[in-house]
Amino acid sequence: MHLVTKSYFETFCKNFEPPFNEAKNFEAFVAYCAYSQYSADNIEVTDLVYEGADPGIDGAMLFLDDRAVFSCEELEEIFEKSHREYQVTIVFTQAKRSTTWSKQEIDSFVSAIVDFLSESPAQPHSQYLKDFKSMFSKLFENIGRIRNGLPDLIAYFFIAAPDTDAVEIAAAFTIGELSLKRMGYSFQTRLIKGHRELIHEYWLAAGGPVEASLPTVGYAPFPAAPNINNAYVATVSARNFIDSILKDKNGTPRKKLFEENVRDFLGVDVDVNSEISETLRNPEKKPRFGLMNNGITIVASNVRPAGQNIFVRDFQIVNGCQTSNVLISLDNEVDESVSLMVKLIEADEPSVIDDIVRATNRQSKVEDAQFISTLGTLRKLEHYFNARGATESNRLYFERRKGQYGPENIAPVRIFDVRETARCYAASIMMRPDLASRYPNRLTGELLNEVFGPGKPEDDYYTACFCLYRLRMLTSNKRFDGKYSKFRWHIITAASKYCKAMYKQWGCKDKNIALYNLFASNEGEWFERLNNLIKTAVPDPNLSRDLLKSPPFSATTLSNVDKLLRI
């Protein structure tokens, strides 16, 4: 393996602590590189690969817009509760650590996908792939809800070899892509040559800063304001805005731009966006687009004019998600006659950014419940994690604002964003591992106030996150089999019940202290307690994912804890 590839792979293993052997960890590494092209959400890397029958596909992922979906139940719920169209992307990966190309391996990967998507696959499939096939079928039951009428299908053949101009390899990718297109299941179909240079590019982009240079028609500075370093209002070509800001150099829409925006994209044809769409589709109205639209607001860590261009770094679109996504959706309608007004603000004070987010979105009458990034509870959690973590060797970080710890070079396994924290809370405090595993979007949606309502003890969240962090460490360093990773939410729920019953007997002041101690050690009395709990609550780590998803499994896990309490 090339030294650079090896270095990036080792950094990935250090940062994410995957619990598998080297070959499976490399599969997780390249799957993460692919995942980061489509979503900015934190991810448990054990969810990106699977154990069991291997038909020639190492990873399978499904994205609705920029949100990864891992269960058919969650996919079904999304389609039931929202009636808009979604940009759907299906991703398959294959990982080879070899440094030489093989036409046969490329052909085998394509054949595996064709067989997998066929009505009667010949290859055996693990439960993970069976579940994924169920999601694939569910998509076509809701075909009217998929933008362009079909999902995109992107297959990545990753290999640690350098790029090659070999004719037979180029032909394998060309013919393979045609084979996938001929299946008729996809709108856009691509078979990506994932050579080592592309792996390097994807890895760096996954954690690196977002930078762009935006050409302008003209711009003017705003007057100086407290805690605002620089600010400009610019008139730009919408075509340049799409190509420079909304898409990366490869023409792929940037998925990390809207983390600060309080609303997801609602679809092209909903009332709030239908007028934007109609204007772009009308040749006479197009030139007036910039005058009829409220424009875009961007907050960045660095904003610098250079001639007629404005350079931005680490930027987020805090207002204009709907306009931006309509522009992407109707890309072919956007020509040089379409203009746009853009405000670019350089600010790094969180409270100032919160004010900008709230004020710019107030103009669209967004409900208070949607201001998840500005909830007072979350700000208090951030302060609590920082204060408590300063005194601990196993310091954890609460990421209230996406990417806020990027410049500090902190291992991702120590960083918990809003969604992951909600999942930990659901498992530990709400005693709902099913919500944490199968319906995580509920926790930051309809159950938002139940999860992050005012007055809840910050220690509950920190302790819940610590349990997950330590469970990752214990599977990574092989104190527990990596197969237990898929039971992580059920183990945390079982541990919460166990500690609630036993903390006084163990001489602890409260349940949270007992929970913290239970997961904190690699050996000794507390580790033995955790070992007994896990082996009792989940006696068979080889249980299928199908059984894991079943409603009785949570009840069975908790009833198994009673066996320990009776000893």
**Item:** Gap between atom OG of S108 and atom CG of D115 - 0.5 Å precision
**Value:**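 These two atoms lie 11.5 Å from each other.
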**Prompt:** Hey, are the side chains of Q316 and I298 touching, using non-hydrogen atoms and a 4.5 Å cut-off?
**Reply:**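 Not in contact.
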**Request:** Could you check if a side-chain atom of I143 sits within less than 4.5 angstrom of a side-chain atom of L150, using non-hydrogen atoms only?
**Result:** yes
**Request:** Test side-chain contact (heavy atoms from CB on, under 4.5 Å) on E177 and V110 and set out the steps.
**Result:** CA-CA 8 Å; E177 188 169 281; V110 174; over 6 Å; no
**Asked** Salt bridge between E27 and K24, side-chain N to carboxylate O under 4.0 Å?
**Response** yes
**Message:** Tell me if a side-chain donor or acceptor on S186 pairs with a main-chain N or O of T189 at a distance below 3.5 Å.
**Reply:** no
**Criterion ring pair (Phe, Tyr, Trp, His ring centres under 6.0 Å) on Y50 and F132, from CA distance to verdict** = CA-CA 11 Å; Y50 61 92; F132 192 84; 10.0 Å; no
**Prompt:** Taking the side chain from D65 and the backbone from Q87, do they hold a donor-acceptor pair closer than 3.5 Å?
**Reply:** yes
**Sub-4.5 Å side-chain heavy-atom contact between I90 and I154** = no
**Asked** Does the side chain of W489 come within less than 4.5 Å of C424's, by heavy atoms?
**Response**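 Touching, per the 4.5 Å side-chain cut-off.
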**Complete:** Test ring pair (Phe, Tyr, Trp, His ring centres under 6.0 Å), reference F16, set Y32, Y35, F29, F9, output is Y32
**Asked** Any side-chain heavy-atom pair from V338 and L280 closer than 4.5 angstrom?
**Response** yes
**Prompt:** Nearest 0.5 Å, what's the CG-CD1 distance between D331 and I242?
**Reply:** 5.0 Å
**Asked** Between R488 (side chain) and S485 (backbone), is there a donor-acceptor pair under 3.5 Å?
**Response** yes
**Inter-residue atom distance L153.CG - T89.OG1, 0.5 Å rounding** =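 Answer for the CG-OG1 pair, L153 versus T89, is 9.5 Å.
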**Message:** Could you check whether any side-chain N or O of Y128 sits under 3.5 Å from a backbone N or O of A60, counting only pairs where one atom can act as donor and the other as acceptor?
**Reply:**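 At least one qualifying donor-acceptor pair exists.
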**Donor-acceptor pair, side chain of N293 and main chain of F289, under 3.5 angstrom** =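 Not confirmed, N293 side chain does not pair with F289 backbone.
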**Prompt:** Are any of the side-chain nitrogens in K486 or D47 under 4.0 Å away from the carboxylate oxygens of its partner?
**Reply:** no
**Message:** Let me confirm one number: the CG-CD1 distance from L191 to I175, rounded to the nearest 0.5 Å.
**Reply:** 11.0 Å
**Prompt:** Do you know which two heavy atoms are closest between I159 and W101, and how far apart they sit?
**Reply:** CG2-CH2, 3.3 Å
**Item:** For the student: nearest non-hydrogen atoms of M61 and A31, plus distance
**Value:**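 Residues M61 and A31, closest heavy atoms: CE-O, 3.7 Å.
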**Message:** Any carboxylate oxygen within less than 4.0 angstrom of a Lys/Arg side-chain nitrogen, looking at R438 and E77?
**Reply:** no
**Asked** Can you name the salt bridge (charged side-chain N to carboxylate O under 4.0 Å, His left out) partners of E76, sequence neighbours left out?
**Response**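 Only K138 meet the salt bridge (charged side-chain N to carboxylate O under 4.0 Å, His left out) criterion with E76.
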**Prompt:** With a 4.5 Å heavy-atom cut-off, do F70 and L75 have their side chains touching?
**Reply:** no
**Asked** Cationic tip of R472 within the cone over Y469's six-membered ring, i.e. under 6.0 Å and within 45° of the normal?
**Response** no
**Message:** For D481 and T475: C-alpha separation, side-chain torsions, deciding distance, then whether side-chain contact (heavy atoms from CB on, under 4.5 Å) applies.
**Reply:** CA-CA 6 Å; D481 193 310; T475 53; over 6 Å; no
**Request:** Would you give the length of the straight line joining atom CD1 of I317 to atom CG of L246, rounded to the nearest 0.5 angstrom?
**Result:** 5.0 Å
**Item:** Test item: F63 and V88 side chains (from C-beta on) under 4.5 Å apart, heavy atoms
**Value:** no
**Message:** Whether the T164 and H195 side chains hold a donor-acceptor pair (N or O, under 3.5 Å, no angle test) is what I'd like checked.
**Reply:** no
**Message:** Determine whether a donor-acceptor pair (N or O, by modelled atom type, separation under 3.5 Å) exists between the side chain of Q94 and the backbone of D58.
**Reply:**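 Pair absent, no side-chain N/O of Q94 close to backbone of D58.
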**Prompt:** If every non-hydrogen atom of E211 is compared with every non-hydrogen atom of F315, which pair is closest and at what distance?
**Reply:** C-CE2, 3.9 Å
**Message:** Around atom CZ of F173, are there more than 12 heavy atoms from other residues, nucleotides or ligands closer than 6.0 Å?
**Reply:** yes
**K286 side chain vs E333 backbone, donor-acceptor pair below 3.5 Å** =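 Yes, the answer is positive, given that a donor and an acceptor are paired below the 3.5 Å cut-off.
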**Item:** Value rounded to 0.5 Å, distance of CZ in F20 from NZ in K483
**Value:** 10.5 Å
**Fill in**
On a heavy-atom basis, the closest approach of S476 and P18 is OG-O, 3.9 Å
**Asked** Does a salt bridge link R442 with D434, judged by any charged N lying under 4.0 Å from a carboxylate O?
**Response**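 The answer is no: the pair does not qualify as a salt bridge.
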**Message:** Tell me whether D335 is salt-bridged to R239, with the criterion being a basic N under 4.0 Å from an acidic carboxylate O.
**Reply:** no
**Request:** Could you tell me whether the side chains of T493 and S496 share a donor-acceptor contact shorter than 3.5 Å?
**Result:** no
**Item:** Evaluation steps, side-chain contact (heavy atoms from CB on, under 4.5 Å), between F79 and L139
**Value:** CA-CA 9 Å; F79 282 133; L139 286 178; 4.1 Å; yes
**Message:** F452 vs Y461, test: ring pair (Phe, Tyr, Trp, His ring centres under 6.0 Å). Steps then yes/no.
**Reply:** CA-CA 10 Å; F452 292 112; Y461 300 92; 5.7 Å; yes
**Prompt:** Do side-chain atoms of N15 reach the backbone of P412 as a donor and acceptor pair under 3.5 angstrom?
**Reply:**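 Side chain of N15 to backbone of P412: no pair is present.
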**Asked** F116 ring centre to K133 NZ or CZ under 6.0 Å, with the angle to the axis within 45°?
**Response** yes
**Prompt:** Is there a donor-acceptor pair closer than 3.5 Å between any side-chain N or O of S244 and the backbone N or O of N240?
**Reply:**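 Checked: pair present.
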**N/O donor-acceptor pair under 3.5 Å between S39 side chain and S36 backbone** =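 Answer holds: no.
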**Message:** Suppose we call two aromatic rings close when their centres sit under 6.0 Å apart. Are F553 and F487 close by that rule?
**Reply:**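 Yes; F487 has its ring centre under 6.0 Å from that of F553.
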**Request:** Please step through side-chain contact (heavy atoms from CB on, under 4.5 Å) for the pair Y156 and V30, ending with a clear verdict.
**Result:** CA-CA 9 Å; Y156 292 89; V30 296; over 6 Å; no
**Side chain proximity check, R190 to L180, heavy atoms < 4.5 angstrom** = no
**Asked** Can you name the nearest heavy-atom pair linking L443 to A422, along with the distance?
**Response** CD1-O, 3.6 Å
**Item:** Closest heavy-atom pair and its distance - N25, F12
**Value:** O-CE2, 3.7 Å
